[in-house]
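Atoms within each ligand, like the ligands themselves, are counted from 1 in listed order.
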Amino acid sequence: MVAPFPYESMRGRFDLRSYFVVGPQDCGRRTLLDVVAKALDGGASFVQLRAKDADVRDIVSMAADIAGEIRGHHAADRVAFVIDDRVDAAVEARHRGIKVDGVHIGQDDMDPREARLLLGNDAIVGLSAKTLEEVEAADALPAGTVDYLGAGPVHPTATKPDCRVADDGDGTLDGAAIDALCDASRFPVVVGGGVHVEDVPMLARSRAAGWFVVSAIAAADDPERATAALVDAWREVRGDGRHGYAQSVSDPHAMPAALTIATTDSSGGAGIAADLKAMLANDVFGMCVVAGITAQNTTGVQAIAPVDPTLVAQQIDSVFDDIRPDATKIGVIVGAASIEAVADRLQAHGAANIVVDPVMVATSGAELTEDEGVRAMTGRLLPLATLITPNIPEACALTGMAIAGRGDMETAARRLVTAYGCAALVKGGHGVDDASDVLAMPDGSVQWFEGERIDNPDTHGTGCTLSSAIAAHLALGEPLDQAIASAKRYLTGALRAMLDLGAGAGPMDHGHALH
Ligand SMILES: Nc1ncnc2c1ncn2[C@@H]1O[C@H](COP(=O)(O)OP(=O)(O)O)[C@@H](O)[C@H]1O
Ligand SMILES: Cc1ncc(COP(=O)(O)O)c(N)n1
Ligand SMILES: [Mg+2]
């Protein structure tokens with residue numbers, strides 16, 4: 001009888017951003033262990049041992065050394081370690097209590113279903129998938145079989161001579177090909193193959209979950225500096241947030257979590273109810289902090305009341321001290337004192353991925369945030385945000401400018417970026433033609449998310465739903481632009497379902513994708 005694997009599974013928390021693949025053949029005159037140690041010093045977040053010609057005994061012994069090195073770096077709970085191809089060696093190492101978190105297998109290696117069976121549900125199973133056909137085949141595997149995909153090469157490479165790509169002319173992947181693979185994939189995709197530091201900005205702008213390299217680190221004069229340079233180049237584009245932090249939604253034991261801090265809508269179409277429904281429908285675990293109460297239905301808001309700011313703060317502490325959210329959406333908070341309490345507690349907990357929907361007036365016309373609240377929001381909350389999502393009237397109020405068309409929406413978005421240092425999405429639902437939204441980013445870039453206007457008067461809760469779905473997709477590890485695109489697709493589907501409830505502007509069908 002073999003003792004159960006004595007470590008916590010890395011399946012729900014591996015980080016593909018900085019993925020180092022290495023074997024003794026890649027290290028020249030240096031030792032494998034020395035190179036791995038330097039890569040860890042430089043910030044590698046994932047290590048794969050790839051020793052193609054070694055036998056099981058040698059691989060297990062190298063694995064023991066590498067696992068020890070990761071432990072020595074106090075990184076065993078954040079740096080995942082897998083073995084390439086040799087499921088037998090991974091199984092053996094795990095039986096011996098060596099912290100090998102899983103395997104990475106190629107298309108010609110063992111069937112991933114068999115690897116999953118042999119390794120059990122705690123292990124990471126990564127799979128190489130370089131073409132759309134291979135990605136689609138991976139998508140079609142039973143739920144919970146694989147955790148991430150590896151795609152490449154970006155350049156022709158000597159370290160992986162067996163790495164052949166079909167498709168794309170010369171067999172290499174550019175940004176568009178990477179995005180096509182990532183869009184098709186149910187799993188986070190790490191991209192490499194001949195990658196050097198100059199390629200990282202392109203990768204970081206794509207929907208890849210991270211880079212993987214062999215020689216860029218192993219053959220560098222200074223592997224620590226080389227790793228740090230790759231890590232920095234990624235961070236420069238993607239920032240420090242957990243964007244690219246890959247959590248597998250197929251792991252039955254772990255699910256990304258998102259929090260809404262907002263106000264109740266008794267009619268269920270907007271506010272906290274909409275937020276939780278949108279989070280559920282977008283594959284994350286939803287949690288809520290009640291920061292106000294309304295008596296409300298589709299015809300209007302009949303009453304609105306604050307919650308004691310101390311109780312608001314306590315709710316935030318309860319959540320962050322236990323199931324730490326991967327993203328937080330903020331909606332209506334009733335009263336300036338509660339807004340300040342929320343800002344204080346989010347700062348104290350170092351919350352990341354904060355989406356603020358600066359709701360001032362409901363779709364039905366009722367005022368939801370008083371002037372004092374707006375001052376607290378602009379002074380304390382907006383500067384903490386990753387993204388703010390004003391509609392056109394809110395963007396006018398926040399910038400003091402009139403908005404008549406797309407050019408004005410862009411100008412307003414840019415001004416909000418300058419004023420608050422966060423990304424700003426000005427939503428076009430209150431325009432007349434299309435329903436397109438514009439995103440301005442702190443790096444100066446601007447991007448439109450085109451939307452067709454659906455002829456549906458029932459738009460109660462659209463803003464709440466969109467911002468919660470964006471938070472959900474950030475919690476899933478998507479970069480901001482992808483999270484917005486995913487959320488907008490979901491929202492459009494919810495409007496298109498043409499649910500018709502209530503006498504006024506009714507709610508949407510948040511569960512349209514579930515039934
Ligand atoms: N009739 C519609 N058809 C399609 N999309 C819409 C429609 N109305 C609003 N949207 C979209 O819903 C989201 C919320 O926008 P908006 O209504 O402007 O915000 P709010 O609900 O905060 O007032 C945006 O993505 C917007 O483009
Ligand atoms: C409690 C609460 N929060 C927010 C909204 C805004 O609704 P919309 O998303 O339609 O702007 C609302 N009506 N009620
Ligand atoms: Mg609306």
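The shortest heavy-atom contact between Arg11 and Ser9 is N-OG, 3.0 Å.
In this comparison of Lys427, Glu450, His430, His460, the heavy atom closest to atom 14 (C) of ligand 1 sits on Lys427. Between Val359, Thr389, Leu495, Val426, it is Leu495 that holds the heavy atom closest to atom 6 (C) of ligand 1. When Ile454, Thr465, Asp437, Asp434 are ranked by how near their heavy atoms come to atom 25 (O) of ligand 1, first place goes to Asp437. Between the choices Thr462, Ile470, Leu491, the shortest heavy-atom distance to atom 11 (C) of ligand 1 belongs to Leu491.
Cation-pi contact between Arg17 and Trp234: absent, since separation from the ring centre below 6.0 Å together with deviation from the ring axis within 45° is not met.
Here's the thing with Gly463: one of its N/O atoms is less than 3.5 angstrom from an N/O atom of ligand 1. Any N or O atom pair closer than 3.5 Å counts here, and Glu394 shares no such pair with ligand 1. Any N or O atom pair closer than 3.5 Å counts here, and Gly429 shares at least one such pair with ligand 1.
Taking a 4.0 Å cut-off on heavy atoms, Leu466 registers as neighbouring ligand 1. Assignment of Gly461 to the shell around ligand 2 is supported, since a heavy atom sits closer than 4.0 Å.
The ligand atoms of ligand 2 that sit less than 4.0 angstrom from a heavy atom of Thr264 are 1 (C). Within ligand 2, the atoms closer than 4.0 Å to a non-hydrogen atom of Val332 are 3 (N), 4 (C), numbered from 1 in the order shown.
Residues satisfying the salt bridge (Lys or Arg N to Asp or Glu O under 4.0 Å) test with Glu236, not counting sequence neighbours, are none. Every salt bridge (Lys or Arg N to Asp or Glu O under 4.0 Å) that Arg116 has, sequence neighbours left out, goes to Asp147.
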